[in-house]
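First comes the structure, then the notes that go with it.
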2 protein chains.
Amino acid sequence: MENPSGTKKLGVRALAKMTGFSTGTISRVLNNSALVNAETRRQVLEAIDKAGYTRNPAARALATQRTKTIGAVVPTLAHSIFARFLNAIEQELAGRGYALVIATSGEDADTEERRARELIDLGAEGVILSGAVHNVSLLEFLSAGKIPVICTSVCKGQNGLPAIGYDNAALGQKALRFLVSLGHKNLLVLHGPKQNNDRTRLRIEGVMTGASETGAKVQLLETTLDVAGGTKSAADYFSSKHPGASAVLCLSDVLALGVLFEAGRRGISVPGDLSLMGFDDLDWAAHSVPSLTTIRLPTARMGTHVAKALMGKLDSAEPIETLRLDAEIVQRESVADVKT
Amino acid sequence: MENPSGTKKLGVRALAKMTGFSTGTISRVLNNSALVNAETRRQVLEAIDKAGYTRNPAARALATQRTKTIGAVVPTLAHSIFARFLNAIEQELAGRGYALVIATSGEDADTEERRARELIDLGAEGVILSGAVHNVSLLEFLSAGKIPVICTSVCKGQNGLPAIGYDNAALGQKALRFLVSLGHKNLLVLHGPKQNNDRTRLRIEGVMTGASETGAKVQLLETTLDVAGGTKSAADYFSSKHPGASAVLCLSDVLALGVLFEAGRRGISVPGDLSLMGFDDLDWAAHSVPSLTTIRLPTARMGTHVAKALMGKLDSAEPIETLRLDAEIVQRESVADVKT
DNA sequence: CTGAAAGCGCTAACAA
DNA sequence: TTGTTAGCGCTTTCAG
């Protein structure tokens with residue numbers, strides 16, 4: 001009579017009735033508490049299984065004040081660099097029973113704020129942001145709610161926010177120095193939209209620092225952040241009056257792929273006629289012809305660290321430390337000494 | 001005295017006290033109910049803003065029995081095809097206040113089941129799965145909980161489950177026919193791991209159907225699903241005793257990129273010496289040299305449909321209809337008529 | 001249009 | 001080791 005047609009969703013209460021134990025005991029079993037008799041646990045588990053019981057996560061969250069959910073807002077999922085990053089986070093979180101909720105901002109700060117607030121509204125206990133530049137109102141909102149945040153892909157957060165990532169400026173500088181050390185004095189630097197993207201701005205900044213320090217001449221060219229952007233810019237540049245550069249540095253590998261294609265189309269030999277360097281070390285970089293010299297960003301490692309830091313904070317109140325991960329130049333076939 | 005040091009988290013109750021209205025009214029305002037006096041609403045909103053109130057999503061979920069969360073289990077995020085898919089889903093869901101929780105299975109059915117259950121346990125109201133083949137125990141679990149599921153990337157679900165995707169077998173067949181129609185009679189077909197991947201198996205099946213129907217000779221070669229797999233297989237094949245194929249059909253674009261690179265390395269002209277065709281239409285396919293003939297999968301459209309179907313089911317109990325999306329061949333430079 | 005009150009299903013003291 | 005009993009914070013009838 002209690003459960004006419006198996007239709008009513010059953011809860012701890014029903015289980016208690018079925019097994020003869022109390023809801024407290026049921027709850028203990030559900031939470032793997034050590035204070036339960038083995039036989040009791042067995043019986044309860046059996047009932048749970050037989051009844052096809054599933055616990056109500058909302059009720060649990062309400063009672064414990066924990067949702068075990070963390071939110072990430074990234075510019076887009078369409079770039080494998082972010083997908084790889086989230087993949088690593090997800091793996092790490094899953095191992096400890098956390099869920100990852102994702103949202104995309106399209107590199108827009110207002111959208112980012114809106115989406116981040118939505119994530120909080122949906123129960124995220126911690127938030128992962130990309131880059132160091134965010135709306136102040138968002139940061140105030142988060143700090144008011146005491147919600148842990150981590151800025152990623154950068155090594156210095158805004159307003160003292162913790163960051164886990166790499167030093168974009170230093171890497172840009174490193175890349176430029178490397179090329180100069182090979183004898184290149186005239187460089188073309190291709191990059192994606194600067195607007196709303198502080199990682200790109202930092203890389204450019206580093207490149208310029210390296211340029212003035214070495215006296216190399218660099219020309220900056222901004223384009224869309226995709227293969228098409230790479231081919232188009234390369235085409236424009238090669239057709240321009242003074243192509244003169246002996247090397248092209250792309251601040252993203254996707255752009256380098258475009259350049260590589262365009263060079264092939266025009267019969268420009270890489271690295272014979274032109275050296276090419278990227279940034280990211282995507283999947284294909286080791287296999288292209290020529291293979292691409294690039295900077296290997298520690299994307300996956302970054303994801304793992306971010307996840308761990310957030311869980312440490314949430315589970316054990318460990319402070320989140322800013323972390324700068326190293327990234328190295330992976331030298332492959334696409335660059336060569338400048339002809340003497 | 002009520003709120004000593006601004007430390008205690010305030011709720012509807014506190015707001016009620018502050019504004020002089022009842023918690024019911026506060027709740028109505030929070031939910032944009034029409035039954036609230038404009039002035040009352042204004043006052044409440046002001047208080048909410050001033051107090052920096054944020055509603056507790058768990059309590060809301062418990063009271064409404066809705067979490068507005070849907071879960072997706074995909075093999076991996078590392079392949080842009082899935083990232084693109086999820087991106088579209090996320091965009092669509094976000095517009096209606098739903099959140100997307102993702103989990104990865106690594107193409108393993110048991111892991112998939114585990115992860116799907118976790119998602120449910122975390123509050124997912126609906127589940128998105130990749131492919132048509134899943135553990136029966138998972139499907140039973142889902143149907144027992146009356147949790148809507150959609151199989152994606154396929155056009156026919158297991159056990160009558162709804163599916164939204166494309167007809168992999170038909171597309172494989174279509175691709176093969178296309179190549180044969182160009183005069184190719186001897187083909188190499190490169191594909192990723194068949195195990196635990198019914199989409200790949202279906203594509204192969206279609207290819208074989210096309211082969212027997214046209215009398216074309218096809219050689220299957222399985223490899224890892226990445227650029228490296230493409231280059232390696234191509235290298236092996238080109239070095240083999242009887243390379244004879246006049247065209248290579250890759251059941252994923254990433255493999256085609258690898259083949260393209262390897263052909264370039266060996267001075268094999270595409271499509272002069274060898275035609276090359278892919279499957280997916282990734283970002284770079286239109287820009288490679290030669291540009292890649294491929295099958296454009298409606299990934300984003302699929303995501304949009306999936307999201308809409310799930311929300312329709314959840315919000316308005318609309319049944320989820322299986323949907324087969326069309327995919328077309330995008331003809332570009334990488335294929336040519338076989339030399340006569 | 002607004003208030004009062006009854007839960008949603010679970011967990012966590014506190015007792016026993 | 002197990003039972004009892006309050007809530008967690010919000011929504012939602014039902015009155016008024």
Side-chain angles (χ1 to χ4, degrees), chain A residues 2-3 7-45 47-48 51-69 97 120-123 125 145 315, chain B residues 2-3 7-45 47-48 51-69 97 120-125 145:
Chain A
E2 298 289 315
N3 194 347
T7 196
K8 175 87 184 162
K9 204 110 180 193
L10 73 191
V12 278
R13 229 150 180 134
L15 284 176
K17 206 146 284 179
M18 306 181 86
T19 58
F21 293 103
S22 69
T23 61
T25 298
I26 305 293
S27 178
R28 274 171 219 123
V29 172
L30 248 20
N31 294 290
N32 297 312
S33 162
L35 316 88
V36 190
N37 182 308
E39 170 57 15
T40 302
R41 158 165 290 131
R42 203 195 52 68
Q43 282 181 247
V44 173
L45 251 19
I48 286 178
Y53 165 83
T54 324
R55 83 171 133 211
N56 181 319
R60 179 185 162 78
L62 179 57
T64 59
Q65 299 291 52
R66 296 288 319 268
T67 59
K68 287 252 183 183
T69 290
I120 302 300
D121 233 56
L122 280 151
E125 295 185 68
D315 291 343
Chain B
E2 298 288 315
N3 195 349
T7 195
K8 177 85 183 163
K9 203 108 178 194
L10 75 191
V12 278
R13 227 150 182 135
L15 285 176
K17 205 147 285 178
M18 306 179 88
T19 57
F21 292 103
S22 71
T23 61
T25 298
I26 304 293
S27 178
R28 274 171 219 123
V29 171
L30 248 21
N31 294 291
N32 298 312
S33 163
L35 317 86
V36 190
N37 182 308
E39 170 57 14
T40 302
R41 157 165 290 129
R42 204 196 51 68
Q43 283 181 246
V44 173
L45 251 20
I48 286 178
Y53 166 83
T54 323
R55 84 171 132 212
N56 181 319
R60 180 185 161 79
L62 179 56
T64 59
Q65 299 291 55
R66 296 288 321 264
T67 59
K68 287 251 185 183
T69 291
I120 302 300
D121 233 55
L122 280 152
E125 295 185 68

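Every chain is numbered from 1 and lettered A, B, ... according to where its sequence line falls, protein lines coming before strand lines. Nothing here was measured: the structure is a model prediction, and the numbers come from that model.
Rounding to whole angstrom units, CZ of residue B:Arg60 and P of D:dT12 are separated by 8 Å. Between B:Lys17 atom NZ and D:dC10 atom P the separation is 14 Å, expressed in whole Å. Here the C1' atom of nucleotide C:dG9 and the CG atom of A:Asn31 are 13 Å apart, to the nearest Å. Atoms CZ (A:Phe21) and P (D:dT1) sit 13 Å apart, rounded to a whole Å. Rounded to whole angstrom, the span from the CG atom of B:Asp121 across to the C1' atom of C:dG9 amounts to 14 Å. Put simply, CD1 on A:Ile48 is 10 Å from P on C:dC10, counting in whole angstrom units. Atom CG in B:Leu35 sits about 14 Å away from atom C1' in D:dT11, given to the nearest Å. Taking atom CD of A:Gln65 as the reference point, atom P of D:dG7 lies 14 Å away to the nearest angstrom.
Between the CG atom in A:Leu62 and the CZ atom in B:Arg60 there is a gap of 13.5 Å [rounded to 0.5 Å]. Between the CZ atom of B:Arg28 and the CG atom of B:Asn37 there is a distance of 12.5 Å, given to the nearest 0.5 Å. Interatomic distance, CG of B:Leu30 versus CG of B:Leu15, reported as 8.0 Å (0.5 Å rounding).
Note on B:Ser27: a side-chain N or O is less than 4.0 Å away from OP1 or OP2 of D:dT11. Phosphate contact (OP1/OP2 of C:dT2, side-chain N/O of B:Thr40, threshold under 4.0 Å): present. Side-chain N/O atoms of B:Thr25 include one lying less than 4.0 angstrom from OP1 or OP2 on C:dG3. Of the side-chain N and O atoms in A:Asn56, none sit less than 4.0 angstrom from OP1 or OP2 of C:dC8.
Relative to the side chain of A:Thr64, the nucleotides C:dA12, D:dT1, C:dT2 differ in distance, and C:dA12 lies closest. In the set C:dA4, D:dT11, C:dC1, the nucleotide with an atom closest to the side chain of B:Asn37 is C:dC1. Side chain of B:Ala63, nearest nucleotide from C:dT2, D:dG7, C:dG7: C:dG7.
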Checking side chain to side chain contact (heavy atoms under 4.5 Å, CB included) for the pair B:Arg55/B:Ile26: CA distance, chi angles, key distance, verdict? CA-CA 11 Å; B:Arg55 84 171 132 212; B:Ile26 304 293; over 6 Å; no
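Contact annotation for A:Thr23: base contact, defined as any heavy-atom pair under 4.0 Å involving a base atom. Residue contacts for A:Gly24: at a heavy-atom cut-off of 4.0 Å it reaches a base atom on one of the strands shown.
Other residues, nucleotides and ligands contribute only 12 or fewer heavy atoms inside 6.0 Å of the CZ atom of B:Arg13.
Comparing B:Val36 and A:Arg55 against DNA chain C, the residue whose closest nucleotide sits nearer the 5' end is B:Val36. Comparing A:Gly20 and A:Leu62 by the nucleotide of DNA chain D whose heavy atom lies nearest to each, the residue mapping closer to the 5' end is A:Gly20.
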